Amino acid sequence: MDRITQAMNEMWQRGSFRSAAAILAGGWAITWAVRDYTAWIQIKGGFPQNPLMWALSYVIHWSIGSNYATHAHLKYLERLSIKDKTELLASLPAREPPTPQLIKWSVPHRQLTQRTSPEMISHLYTELRALGARHDLLVAPSVREAHSGLALYAIRMTQESPQSPKPTFAADLIHIHAEDGSIHVTLHPKDALCVVRKSWGVRFPLAYCGIFSRGKKGDGLSDGLMLVYAPRNEAEVPIIMKIIEAGVHYSLTTM
């Protein structure tokens, strides 16, 4: 045993073990990164799919997607709510548990569990088109989601124009994700708080982040941008549509 120990010490001193350990660790890191990146690019989203954005998704998750940042965002929404008493979702019922698990990356922002069926997503699309028609708003594939899913835009449809207006990133008020049926919707701060407290959704990680926040030109992300969970059954569809309609009414007041 003493000879073995001595031989190991000699190899360590020569750097053989350290080199081998570094090679093994490097090989493991590369394997993990390749597998994780491959899984990440399978998720459709509006952000560029490249290694830099993949790495950035982890930075977002560990910083502005953290529990501390979420708590700070909710406190900020509470302060905004004091100034404006508007509340469209006061009668929103609590969502039955369990809460769905989200994917480990913050960008794109998707559900991992409790994904809804293609039939339910089609139902949501039909409801969103009907809502757009009632308010004369443009409904088209989502610009924010690389023209996938379906979005309702803060863009009025006019009978005078023979062509539909061009959708824009900033005007994308509500969009339904084609993969899982979850929804991104911009809500009044008080309604956004209600959605979180009643367990119907969570904040979008980039909401309440200075460089992405909506500026005077209205070309950024709203502080009330939320991810609403996909409906699990037909009974939840009217509740989801009530949340979406609250987002439409709030956005119409700011158009």
Side-chain angles (χ1 to χ4, degrees), residues 41-49 88-89 100 102-103 107-112 114-159 161 163-187 191-192 195 200-207 214 218-222 224-252 254-255:
I41 61 176
Q42 302 305 313
I43 305 168
K44 295 180 181 179
F47 290 86
Q49 292 184 315
L88 301 173
L89 297 175
L102 303 183
I103 62 174
V107 179
H109 201 208
R110 298 287 189 276
Q111 286 179 221
L112 180 63
Q114 300 180 30
R115 294 186 166 204
T116 198
S117 65
E119 293 76 19
M120 196 75 72
I121 293 174
S122 179
H123 187 175
L124 289 175
Y125 284 179
T126 299
E127 293 288 339
L128 191 67
R129 290 189 182 98
L131 184 61
R134 289 200 298 272
H135 293 282
D136 295 322
L137 295 175
L138 175 65
V139 177
S142 174
V143 171
R144 292 189 183 183
E145 295 298 328
H147 300 281
S148 69
L150 193 68
L152 188 146
Y153 294 86
I155 299 175
R156 293 287 189 184
M157 297 291 290
T158 59
Q159 295 181 351
S161 176
Q163 295 182 338
S164 297
K166 184 179 179 180
T168 63
F169 183 94
D172 187 331
L173 301 178
I174 298 152
H175 56 254
I176 301 168
H177 301 128
E179 303 87 358
D180 59 1
S182 63
I183 302 107
H184 275 134
V185 54
T186 299
L187 295 169
D191 290 330
V195 164
W200 286 101
V202 293
R203 77 177 184 103
F204 181 58
L206 295 180
R214 180 168 294 176
D219 53 357
L221 301 176
S222 169
L225 180 56
M226 309 297 291
L227 175 78
V228 176
Y229 303 133
R232 294 170 290 187
N233 49 56
E234 288 290 344
E236 289 187 348
V237 172
I239 300 173
I240 298 299
M241 291 310 302
K242 183 176 181 180
I243 296 172
I244 289 176
E245 288 186 32
V248 172
H249 284 292
Y250 169 61
S251 297
L252 288 177
T254 61
M255 284 176 63

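Note that the structure is a prediction, hence the values are computed from the model and not measured.
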K.L.:
Could you work out, with side chain to side chain donor-acceptor pair (under 3.5 Å) as the rule, every residue matching Gln49, not counting sequence neighbours?
P.N.:
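Per chain and number, Gln49 pairs via side chain to side chain donor-acceptor pair (under 3.5 Å) with no residue.
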K.L.:
Rounded to the nearest 0.5 Å, what's the gap from CD1 on Ile183 to CD1 on Ile121? Could you check?
P.N.:
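Spacing of CD1 (Ile183) from CD1 (Ile121) equals 9.0 Å.
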K.L.:
On a heavy-atom basis, which atom in Ile155 and which in Pro165 lie closest, and how many Å separate them?
P.N.:
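Nearest heavy atoms, Ile155 then Pro165: CG2-CG, 3.5 Å.
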K.L.:
Name every donor-acceptor pair, under 3.5 Å, that has one atom in a side chain of residues 124-140 and the other anywhere in the protein, sequence neighbours excluded.
P.N.:
| unit_1 | atom_1 | unit_2 | atom_2 | d |
| --- | --- | --- | --- | --- |
| Thr126 | OG1 | Ser122 | O | 3.1 |
| Glu127 | OE2 | His123 | NE2 | 3.3 |

K.L.:
Rounded to the nearest 0.5 Å, what separation is found between the CG atom of Leu173 and the OH atom of Tyr250?
P.N.:
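OH of Tyr250 is found 10.5 Å from CG of Leu173.
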K.L.:
Just verifying a value: how many Å separate Trp200 CH2 and Ile239 CD1, rounded to the nearest 0.5 Å?
P.N.:
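The distance works out to 4.0 Å.
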K.L.:
Using every non-hydrogen atom in the two residues, find where Val185 and Gly247 come nearest and quote the distance to one decimal.
P.N.:
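The answer is CG2-CA, 4.0 Å.
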K.L.:
Nearest 0.5 Å please: distance from the NE2 atom of His249 over to the CG atom of Leu89.
P.N.:
10.5 Å
K.L.:
Mind checking side-chain contact (heavy atoms from CB on, under 4.5 Å) for Leu102 and listing every partner two or more places apart, or none if nothing turns up?
P.N.:
His109, Gln111, Val202, Leu227, Tyr229
K.L.:
Can you name the side chain to side chain donor-acceptor pair (under 3.5 Å) partners of Thr116, sequence neighbours left out?
P.N.:
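With sequence neighbours excluded, Thr116 shows a side chain to side chain donor-acceptor pair (under 3.5 Å) to no residue whatsoever.
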K.L.:
Pairs in or reaching into residues 225-243: which pass salt bridge (Lys or Arg N to Asp or Glu O under 4.0 Å), with residues at least two apart or in two chains?
P.N.:
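Qualifying pairs: Arg232-Glu236.
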K.L.:
Give the minimum heavy-atom separation between Val237 and Met120, together with the two atoms involved.
P.N.:
CG2-SD, 3.6 Å
K.L.:
When Ser182 is tested against each of Gln114, Arg115, His177, His175 for side chain to side chain donor-acceptor pair (under 3.5 Å), which residue passes?
P.N.:
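Among the candidates, only His177 passes.
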K.L.:
Restricting to non-hydrogen atoms, name the atom on Asp191 and the atom on Leu88 that form the minimum distance, rounded to 0.1 Å.
P.N.:
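Smallest interatomic distance, heavy atoms only, reads OD1-N, 3.0 Å.
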K.L.:
For Glu179, enumerate each residue passing the side chain to side chain donor-acceptor pair (under 3.5 Å) test, keeping only those at least two apart in sequence or located in another chain.
P.N.:
Arg110
K.L.:
Closest approach of Pro141 and His147, non-hydrogen atoms and distance?
P.N.:
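That closest heavy-atom pairing would be CB-O, 3.5 Å.
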K.L.:
Look up atom CD1 in Ile244 and atom NE2 in His184, then write down how far apart they are to the nearest 0.5 Å.
P.N.:
12.5 Å
K.L.:
Which heavy atom of Leu152 sits nearest to which heavy atom of Val248, and what is that distance?
P.N.:
CD2-CG2, 4.2 Å
